[in-house]
Amino acid sequence: MESNFSKKLKKIMFEKGFTQKDLAEKLGVSQAFISSWQVGKRNPKLSSMKKISKALNIPVDYFFESSDETNDKKNIKILQLEKENLELKLRISELEKTLAELKKSFK
């Protein structure tokens, strides 16, 4: 039966473009070992989770977060990026007005 860990491992490996073989080579374990984690037959020790996290360039707490926490963090990041985007658009608009005024003054 799939565990929360196995679901998250599959998801992040897919997102990062890792195959079982890729991760196995990075960790120095067999591909069968990675498979056993992905199907939920085994769960890794914390020390292995740290190695997995390092290999996939993610924080180890990724495996312990609930889906709601993960979604909340993504939503917050999206809102921050939308705010930055709006601020940049406003700044561009201000600069375009200033440029138009400068062009008028040189005519």
**Report entry** Min side-chain heavy-atom separation Ile52-Ile12 under 4.5 Å
**Finding:** no
Query raised in the report: What residues, two or more places apart in sequence or in another chain, satisfy side chain to side chain contact (heavy atoms under 4.5 Å, CB included) together with Lys50?
Result: Leu46, Val60
**Report entry** Pairing residues for Phe18 by the ring pair (Phe, Tyr, Trp, His ring centres under 6.0 Å) criterion, not counting sequence neighbours
**Finding:** none
Query raised in the report: Does the side chain of Glu82 come within less than 4.5 Å of Ile78's, by heavy atoms?
Result: yes
Query raised in the report: Sequence neighbours excluded, which residues qualify as side chain to side chain contact (heavy atoms under 4.5 Å, CB included) partners of Lys77?
Result: Gln80, Leu81
Report summary line: Quick note, ring-ring contact (aromatic ring centres under 6.0 Å, His included) partners involving residues 25-57, not counting sequence neighbours, are Phe33-Trp37
Query raised in the report: At their closest point, which heavy atom of Gly40 faces which heavy atom of Ser6, and how far apart are they?
Result: N-CB, 3.9 Å
Requested in this report: Can you see which heavy atom on Tyr62 is nearest to which on Lys8, and at what distance?
Outcome: O-NZ, 2.9 Å
Query - Distance (rounded to the nearest 0.5 Å) between Met49 CE and Leu9 CG - result: 9.0 Å
Query raised in the report: About how many Å separate CG of Leu90 and CG of Leu86, when rounded to the nearest 0.5 Å?
Result: 4.5 Å
Requested in this report: Can you run down the side chain to side chain donor-acceptor pair (under 3.5 Å) pairs that involve residues 14-33, sequence neighbours left out, and say none if there aren't any?
Outcome: Lys11-Glu15, Thr19-Asp22, Gln20-Gln38
Requested in this report: Could you list all the side chain to side chain donor-acceptor pair (under 3.5 Å) pairs where at least one residue sits in residues 85-102, not counting sequence neighbours?
Outcome: Arg91-Glu94
